[in-house]
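Accompanying notes for the structure given below.
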Number of protein chains: 2
Amino acid sequence: MSDGLNERSRQILEAIIEDHIDSAEPVGSRAVTRRHPLGLSPATVRNVMADLEDLGYLCSPHTSAGRVPTEKGYRFYVDTLLKVRPLSDAEQLGIASQYQLKGLPMEELLRQAGQVLSGLSRYAGVVLAPRVATTVFRHIEFVRLSQVRILVVLVTRSGLVQNKLIESDDTPSQSELDQISNYLNQILSGLTLPQIRQKLLEEMSQEKALYDQLLGRALRLSEEAFGGDMEEKVFIEGTSNILDQPEFADVGRMRRLFRTFEQKSQLLDLLDKSQQAQGVQIFIGSESEYHEIEGCSLVTSTYGLRGGAVGSIGVIGPSRMPYSMVIPIVDYTARLITQVLNGTTSQER
Amino acid sequence: MSDGLNERSRQILEAIIEDHIDSAEPVGSRAVTRRHPLGLSPATVRNVMADLEDLGYLCSPHTSAGRVPTEKGYRFYVDTLLKVRPLSDAEQLGIASQYQLKGLPMEELLRQAGQVLSGLSRYAGVVLAPRVATTVFRHIEFVRLSQVRILVVLVTRSGLVQNKLIESDDTPSQSELDQISNYLNQILSGLTLPQIRQKLLEEMSQEKALYDQLLGRALRLSEEAFGGDMEEKVFIEGTSNILDQPEFADVGRMRRLFRTFEQKSQLLDLLDKSQQAQGVQIFIGSESEYHEIEGCSLVTSTYGLRGGAVGSIGVIGPSRMPYSMVIPIVDYTARLITQVLNGTTSQER
DNA sequence: CGTTAGCACTCGAATAGACGGAGTGCTAAC
DNA sequence: GTTAGCACTCCGTCTATTCGAGTGCTAACG
């Protein structure tokens, strides 16, 4: 076989990984033969296990313990061995019924999704909220709060509402602001924020602004409104679930994980990456230099609108994770979120 | 003395508690005499310690360990023995410099305050965000998003911006909405939300609405806008700091604490309670039936506008906490926040 | 009478050794 | 190629022992 494993080796590897996922303990050769009727003796299994260890799929914590999957082992398992059973209708309903989707603002909806995922998986739920930067402009409104402060309300096509307060010494009157927003709504509709920035630059360089004072103001204002830190938001829900996992009985490991949760930048990177691709994606341990989440895996999927993904949602837990349960749950949840978002969007049209 | 402690007993109690705060370990009689020049022998101290134990200020984990403060002990300490040294100018500057206050929306400001508190104290920072329900109405704006959806932007006098999406089959046009918001801004300015609700009810019952269709719509709309779940928000920042505390080496305790953090309702209660009073308040352990935070203390203060408190901010950590450091930090931070909020408010006038 | 020295006692933490069990790797036989 | 057998390794657990810190009590001291 291309990966150097014959059918039997695969079966044994699968058996070991699944036993380990169940038990959280190293798996020995006897245990494999007992729980899996392969018609082989422990000795044979031992030989195969030695081979699997040589190939890097397994390792032993010490001489006389059983074997434990390596990251490479898990990777091979999820890529090749794992067969995910789709959720039954009843299961889908069970999940869907945990949501109260009615009239929630998007942020709350996403948080809730994270909580539900966390509850179902018994791990932590993670959510990458839609990035304003990639969504499509729909509507802008300026509200003059005072002589120096203006509230900018930005609505994207997906229904995401973003507020920003900008301060300026020279705020236009409300009626001027209304004109400005009318103008911006006209020329910017349907563009993404990066496109908008470029467009604004073009407009400004065209010098029209020089003889149209209002236009000039509009452009300066919108520069402020669209610039700056529309930062991306990561929610992590149900972190305390992870405390139940035996692998985190060690306080040091826990601490590292929670620090990672707090920084969020690592997770943000990963969730961001997951958005490039379609469907469920799985990140295992410190693959691709994310050392802080060593021993953990992240199962994500993307949600979004017809067009494409606007965010990611998933579950983080120890690499020893029942992928065959978690994957369909994440998958279905992402679809559910997508449905809801599209539902409200369609009303908007 | 009224509490049954003479001067010497107090000194010894103070010494024990402070030693324990430093060391996290039971304090023995010898240790007290060594580190505190009271001119007493260990035996004498032992006698006093036995008395203090009888009175409930101390207890021993087991026969031949030193003594550890009880909750009653900590309570007596913070109420009677503790003398807080106000922060020096340099220290104040050191804290203030950690903030980037410019142009942050309030939620971010508060989160940041929580993070700074957490960083300074090495415990977790907690923040109760202003409750919309008690703040004063300043401005309302309706933005028509679609045939069935309206965005309500509500600005309170303290500068808090609250969004709400409401859905209705029969949305007025934008110009009607503008009329409505003008009307509401006129009649509601300066009222609190509960007052507003009452006022709305009155207006509606006055039947003026019956023959003024627009007014009727306005009232129905604002009913929706001001009703519903303007829930209170608690932020907890820097939870992973707490993992460093030796008292949480035990995983079970940690788990309970983190669960409490996730539920937030306990903390919300306490923070809410802290808002009743002025200045720094200290909640110790499971005093007043909050059993979930047994062994933990909460140091809070309120921030707000001239008028009164709109929220609380504080630090949660083990009861064995250097109160003499934490209290002035919390106190100063709360003042700082208040200043900033009032600063932006005054600009608004 | 308050304070102190002395002493027996208690208990937990740390250390070391013994034991059992689970599991391996190797070799030789099937 | 597979399997049985066997020696070996190593961990986790249990026990016994020791050590030290700290207490409570009693008697002596000023």
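Throughout, a chain's letter reflects where its sequence line sits, starting with A, and its residues are numbered from 1. As the structure is a prediction and not an experimental result, all values here were calculated from the model.
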Less than 4.0 angstrom from a charged side-chain N to a carboxylate O is my criterion; do B:Asp51 and B:Arg46 meet it? no
Just the rounded figure in Å: distance from P of D:dT23 to CZ of B:Arg67. 6 Å
Integer-rounded Å distance: C:dT3 C1' and B:Asp51 CG: 14 Å
Gap between atoms CG and P, on B:Asn47 and D:dC25 respectively (whole Å): 10 Å
Roughly, in whole Å, what's the span from CD in B:Glu25 to C1' in C:dA13? 11 Å
Using atom CZ of A:Arg30 as one end and atom P of D:dT3 as the other, report the distance to the nearest whole Å. 15 Å
Secondary structure string for DNA chain C (Watson-Crick or G-U under 3.5 angstrom, | for other-strand pairs): ||||||||||||||||||||||||||||||
Say whether B:Ser301 and B:Tyr332, considering side chains only, have a donor N or O and an acceptor N or O under 3.5 Å apart. no
Applying a 4.0 Å non-hydrogen cut-off, can you work out what B:Ala43 is touching in the nucleic acid: base, sugar-phosphate, or nothing? base
Please report, rounded to the nearest Å, how far the P atom of D:dG22 is from the NE2 atom of B:His20. 14 Å
So what does B:Ser60 hit on the nucleic acid, given a heavy-atom distance under 4.0 Å: a base, only sugar-phosphate, or nothing? nothing
Would you say the base of C:dC11 and the side-chain of B:Thr63 have a donor-acceptor pair closer than 3.5 Å? no
Between P on D:dC11 and NE2 on A:His62, what's the gap in Å once rounded to a whole number? 5 Å
Separation of C:dC26 atom P from A:Met49 atom CE, nearest Å, is 15 Å
